[in-house]
Every structure is written in C-alpha cells, then in structure tokens.
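In what follows, every chain begins at residue 1, and chains take the letters A, B, ... in the order their sequences are listed. Worth knowing before you read on, the calculation uses all heavy atoms, side chains too, and leaves out hydrogens, waters and symmetry mates.
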There are 2 protein chains.
Amino acid sequence: MLDAAAIFFAERGYHATAMRDIARVANVTPGAVYFHVATKHALLVAVYQEGVDRIIRHFDEAIAEEYDPVKRFRCAIQAHLESILDESAYARVIVRVLPEDVPEATEELKRQRERYEERFRALIDGLHLPQGRNPKLMRLLLIGALNWTPVWYRGSIGGLDPVVDEMVASFGIQPTRRTSKK
Amino acid sequence: MLDAAAIFFAERGYHATAMRDIARVANVTPGAVYFHVATKHALLVAVYQEGVDRIIRHFDEAIAEEYDPVKRFRCAIQAHLESILDESAYARVIVRVLPEDVPEATEELKRQRERYEERFRALIDGLHLPQGRNPKLMRLLLIGALNWTPVWYRGSIGGLDPVVDEMVASFGIQPTRRTSKK
DNA sequence: AAGAATGCTAAACGATCGTTTAGTTAGATA
DNA sequence: TATCTAACTAAACGATCGTTTAGCATTCTT
C-alpha cells in the first residue's frame, strides 16, 4: 500500500493523486487506507520517510568502500542518480514533492530532507575546493542539477555514466592532469 | 486576472490552485474567468506563454550588448535568475509547473519551454568547451541548477551575485587570467 | 468456547472542484 | 432613443475530493 502511494506521489505529485487511486492500485477500499494512516499528508510523510531511509542507505553503501574524497564524490553522485532515476519510486517522491506543496507537513518533510542533504554537506567539506568557491552554494547547485534530472532524463542516452561524468566534470575538482595552479 | 493566476500557479502549483482562488484575488466571479478562458489548463497555457515571452525578453536584453561568449554566458545566467527569483510570477510558473503536471496541455507547455531553452543551446554552442565535455548534458545540468534555486533561495544571502558567481565557477569556462573579480 | 483485537468492505458524509447557465449591467453603435 | 454587445453576477450543476461510519470476517487470546 505504501508502494502504491509512492508510485502515485512520484509520478503525478501530491495534489494530483487521490486516495481512491492509491486504494484501487493496492486492491483495497479507500476506508482500508484510513485504517493504517490518519490523513493523506500522514501517508505522504510515511512514504517520504521510507524514501529518505532508502536513499541514505544507498548513498552510504556507495561511498563506504571509498576513501579518496574525489572518488567518494563521484560515487555519491552516481548513487543519488540511481536512486531517483532507476530505483523504486520512494526516492523519487522526495524530489518530486516539495515540502511547500503540503503545508500541513512542510516542517516534517523539510526535516526528512535535511537528514539526507546533511550527507552532501559532509561530502563536500571533504574535498578542498579551489579558493573563491562557496561550498554551501556549490552543494545547492549540485543538488539542483541532480534533482532536476527526472525532468529530462529518459534513460536512453547511454545509461547514467555520461551524466555522472558531466556532473563530476562540472562540480568536481579538475582531475590533476592539465590544470596548473594559477 | 492573468496576474492573479500567475501568482497562484507560481506559488502553489497547478493542482493546488482553484479557479475560485484566482477569481477572488482578481475581484471577479468564477464565471467571469470563464468568459475569457475556456478551461483551467487553457488559463495555464496563457500564463505560461506570457511567462516565456517575458523571460525571453529579459534574456535577450541581458546579452544584447555583450559579444564575448563568456560574458554573455554570465549575463544570461544572471538574467535567468532575476526572472525566476526577483521578477514577476510569470517566469516562475514555467519553473514550478512541469508540463507533465497537466496532461491536457503537456505538449503545448513543452513547446513553450523549448522556445526558451533553445536560447541556452545557442549560448553554450558559443563557448568552446574543454574536450570531454558534453554541451547538451552541460546545458541540462545548468538549467537544473538554475531552476532548482526557487526551492532554496530566500533572497537574504547577499543578493544574486554570489549565486551567479558560483554558477559561472561551476559551469563556465575557467577564466584564463588570474581571478580579478572585484 | 467466548471475547477481543485486527483488517477490512460498503456506503455514505459534507466540502470543494471545474464548469455551465440564465440573467444583469454598462458602454458603444445605429 | 433604441439596440446590440462585451463583461460580468448569482446560482447552480454533477463529479470528485478527503474522510467517517457501521458492520463483517478472520485471527489471537484467555
């Protein structure tokens, strides 16, 4: 039932999804849904939480075996893209449904989001940026570029690798080759 | 009346906006709205079109007097951010409401969007990227980073300039000379 | 075996949605 | 002045929304 909710929230967004839609796909009656959750936005929070849990798990596993900050950076980007483009709908809900979309749950959704984005903060603090770069802004721009991918990515360009490459080429530190310190 | 619609669509999104909301803010009756537009999604299309017109106008004016590709790049980024963060609600609708949100208008909305993003294609073709960079992917990532800013930008960090700087530092070509900014 | 708790169905609640309809007003036109 | 038209109001339409209620079946507890 959470699965059905995740799919609809991820695909159509919060307001375009009816409780009846979710119930129908889950093969139950609308009333049955309300036996498990109190309100629609509580259902969203449950899905959101599961989504953050999953994307965090995937993120942590991806960088667990890497100790070079630059490689960790790359792995994290790849893991994030896998989560929101390939994997289950849960992670995509986090990107699709903005906290402000649901006033009754805004604060809770922000808190959940923060739980994950905190990881990016630590990751970026790990790499030492060229001077003049602002780590906070860079993080926000990176997350933006990442989270916008569901808008255009259709899976047919040759997999995720080219996207990861371009992402690293833009935001990552220039590979040691060819860049002399100015 | 278009103004009221733009504000609501930009602020709450399409599905969370009721025709009655728009009518009330425009100081008319719901019926009056339907004297001017046939359906809700036709109203959105009208707002979208006006939004694209405005952001294109602002974009073109910003780069009109610049001939150096790198400076044009910077001006364009700044103009885009001004449009969706500072200026009227029309441009923000383009970023907030995705074509897929409104199945009845998806194709038309995509067409309008394309009308603007085409400008970015030309702009990026203007700069010659380091080899290994993919202009199409870079454009998509840049637009993502740009269009995600309304999610986090709250206007108090010190204006748009630091954001523009960071955006250029990530996506722009590295300036050949020593960084002599300010 | 008896009762309580669990997970559900069938049906409905009032509210709100996008939209329509019939009638009214104000200004331009003849 | 009489007529026409553009722009609106007041009121309602059916549909759908989130949610509630009453009751039925199954399982667990004692």
Side-chain angles (χ1 to χ4, degrees), chain A residues 1-51 89-90 93-94 96-109 112, chain B residues 1-51 89-90 93-94 96-109 112:
Chain A
M1 196 176 78
L2 276 183
D3 289 352
I7 291 171
F8 273 103
F9 287 150
E11 214 147 86
R12 307 193 184 175
Y14 181 76
H15 291 287
T17 298
M19 292 299 264
R20 285 171 171 81
D21 296 334
I22 296 169
R24 183 169 26 80
V25 168
N27 279 315
V28 288
T29 8
V33 180
Y34 281 90
F35 180 81
H36 295 94
V37 295
T39 59
K40 187 186 178 185
H41 60 261
L43 176 57
L44 173 69
V45 167
V47 172
Y48 226 80
Q49 184 151 1
E50 175 66 25
Y90 286 92
V93 175
I94 310 170
R96 171 72 197 250
V97 180
L98 304 178
E100 290 79 10
D101 286 347
V102 190
E104 308 97 325
T106 299
E107 287 310 313
E108 178 60 27
L109 298 183
Q112 294 293 338
Chain B
M1 196 176 78
L2 276 184
D3 288 351
I7 290 171
F8 273 103
F9 287 150
E11 214 145 87
R12 306 193 183 174
Y14 180 76
H15 290 287
T17 298
M19 293 298 265
R20 286 171 170 82
D21 295 335
I22 296 168
R24 183 167 27 79
V25 169
N27 280 316
V28 288
T29 297
V33 179
Y34 281 90
F35 179 79
H36 295 96
V37 295
T39 61
K40 187 186 178 186
H41 60 261
L43 176 57
L44 174 69
V45 167
V47 171
Y48 226 80
Q49 184 152 0
E50 176 66 23
Y90 285 92
V93 175
I94 309 169
R96 170 72 196 249
V97 181
L98 304 178
E100 290 79 10
D101 287 346
V102 190
E104 308 97 325
T106 299
E107 287 311 313
E108 177 61 26
L109 298 183
Q112 293 294 335

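Partners of A:Phe9 by ring pair (Phe, Tyr, Trp, His ring centres under 6.0 Å), not counting sequence neighbours, listed by chain and number: A:Tyr14. Residues satisfying the side-chain contact (heavy atoms from CB on, under 4.5 Å) test with A:Thr29, not counting sequence neighbours, are A:Ala32. Residues passing the side-chain contact (heavy atoms from CB on, under 4.5 Å) test with A:Ala4, sequence neighbours excluded: A:Ile22, A:Val25, A:Ala26. By the side-chain hydrogen bond (donor to acceptor under 3.5 Å, both in side chains) test, A:Arg24 is found to be paired with A:Asp21, residues two or more places apart in sequence or in another chain being considered. For B:Glu100, the side-chain contact (heavy atoms from CB on, under 4.5 Å) criterion is met by A:Arg154, B:Leu98, B:Lys110, not counting sequence neighbours. Every residue two or more places apart in sequence or in another chain that forms a side-chain hydrogen bond (donor to acceptor under 3.5 Å, both in side chains) with A:Thr39 is listed here: A:His41. Listed by chain and residue number, B:Asp101 satisfy the side-chain hydrogen bond (donor to acceptor under 3.5 Å, both in side chains) test with A:Arg96 (two or more places apart in sequence, or in another chain). B:Gln49 meets the side-chain contact (heavy atoms from CB on, under 4.5 Å) test with B:Asp53, B:Gln112, B:Arg115; sequence neighbours excluded.
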Base versus backbone protein contacts along nucleotides 3-10 of chain D [heavy-atom cut-off under 4.0 Å; B, S, -]: ---SBSBB

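Listed for the A:Tyr90 side chain is a donor-acceptor partner under 3.5 Å among the backbone atoms of A:Asp3. A donor-acceptor pair under 3.5 Å links the side-chain atoms of B:Lys40 to the main chain of B:Thr17, judged by distance alone.
Under the 4.5 Å side-chain criterion, counting only non-hydrogen atoms from C-beta, A:Val47 is not in contact with A:Val97. Using a 4.5 Å cut-off on side-chain heavy atoms (C-beta onward), A:Tyr34 and A:Met19 make contact.
Near-neighbour residues of DNA chain C inside residues 2-15 of chain B, defined by a heavy atom below 4.0 Å, are absent.
In the helix from C:dA1-D:dT30 to C:dA30-D:dT1, the rotation axis of the first five pairs and that of the last five pairs differ in direction by 10°, rounded to 10 degrees.
Here chain A contacts DNA chain C (any atom closer than 4.0 Å to a heavy atom, that is under 4.0 Å), and the contacts span C:dT6 to C:dA12 from 5' to 3'.
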